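Read the structure below first, then the notes.
Since we're looking at a predicted model, the values are computed, not measured.
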Amino acid sequence: MTAYRAYIVGPHSRPIGVVNVDCADDDQAITSASRLVDHHDIELWQMDRPVARFDAGSKQVFRK
């Protein structure tokens with residue numbers, strides 16, 4: 001399992017929370033992190049590598 005972090009993004013693109021996610025690969029991590037999208041954007045990272053950003057307003061996923 002690989003450790004990922006899903007950052008909950010608040011005003012001015014600052015993280016306001018973090019959720020640790022253990023997944024086998026990027027695709028599984030993206031699926032797990034997509035469930036966290038509510039009123040805030042989510043940024044998914046694996047260590048220092050950006051994986052994806054989820055836009056709460058448009059419900060789109062942008063892979064990095």
Side-chain angles (χ1 to χ4, degrees):
M1 290 297 217
T2 304
Y4 292 85
R5 286 185 176 221
Y7 291 95
I8 302 164
V9 181
H12 308 291
S13 296
R14 294 189 181 229
I16 58 172
V18 64
V19 177
N20 293 319
V21 182
D22 289 325
C23 296
D25 57 25
D26 286 357
D27 292 329
Q28 188 180 32
I30 288 170
T31 299
S32 294
S34 70
R35 296 183 187 116
L36 300 172
V37 179
D38 192 8
H39 299 289
H40 297 287
D41 295 348
I42 301 291
E43 284 192 5
L44 181 64
W45 289 71
Q46 190 242 343
M47 306 260 315
D48 62 346
R49 180 178 66 91
V51 177
R53 182 176 176 101
F54 303 83
D55 183 75
S58 67
K59 303 293 185 193
Q60 291 185 342
V61 178
F62 302 97
R63 286 182 165 240
K64 304 278 180 154

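- Annotation: side-chain hydrogen bond (donor to acceptor under 3.5 Å, both in side chains) contacts of Gln46 (sequence neighbours excluded): Arg49.
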Apply side chain to side chain contact (heavy atoms under 4.5 Å, CB included) to the pair Ile8 and Ile42, showing each step before the final yes or no.
CA-CA 5 Å; Ile8 302 164; Ile42 301 291; 3.8 Å; yes
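- The two residues Cys23 and Tyr4 make their nearest non-hydrogen contact at O-CE1, 3.9 Å.
- Across Ala52 and Val61, no two heavy atoms sit closer than the pair CB-CG1, 4.2 Å.
- Taking each heavy atom of Ser32 and Val21 in turn, the nearest pair found is CB-CG1, 3.9 Å.
- With hydrophobic clusters built from ILVMFWY side chains whose heavy atoms lie under 4.5 angstrom apart, Val9 does not share a cluster with Leu36.
- Looking at residues two or more places apart in sequence or on another chain, you find a side-chain contact (heavy atoms from CB on, under 4.5 Å) between Thr31 and Arg35.
- Clustering ILVMFWY residues whenever any of their side-chain heavy atoms sit less than 4.5 angstrom apart, transitively, puts Met1 in a cluster other than the one holding Val18.
- Residues forming a side-chain contact (heavy atoms from CB on, under 4.5 Å) with Pro50 (at least two apart in sequence, or on another chain): Trp45, Lys64.
- Residues satisfying the side-chain contact (heavy atoms from CB on, under 4.5 Å) test with Ala3, not counting sequence neighbours, are Asp22.
- Sorted by first then second residue, the salt bridge (Lys or Arg N to Asp or Glu O under 4.0 Å) pairs that include residues 36-45, not counting sequence neighbours, are Asp41-Arg53, Glu43-Arg53.
- Transitive grouping of hydrophobic side chains (ILVMFWY, heavy atoms separated by less than 4.5 Å) keeps Met47 and Tyr7 in distinct clusters.
- Not counting sequence neighbours, the partners of Ser58 by the side-chain hydrogen bond (donor to acceptor under 3.5 Å, both in side chains) test are Asp55.
- Across all their heavy atoms, His40 and Gly10 have their closest contact at ND1-CA, 4.2 Å.
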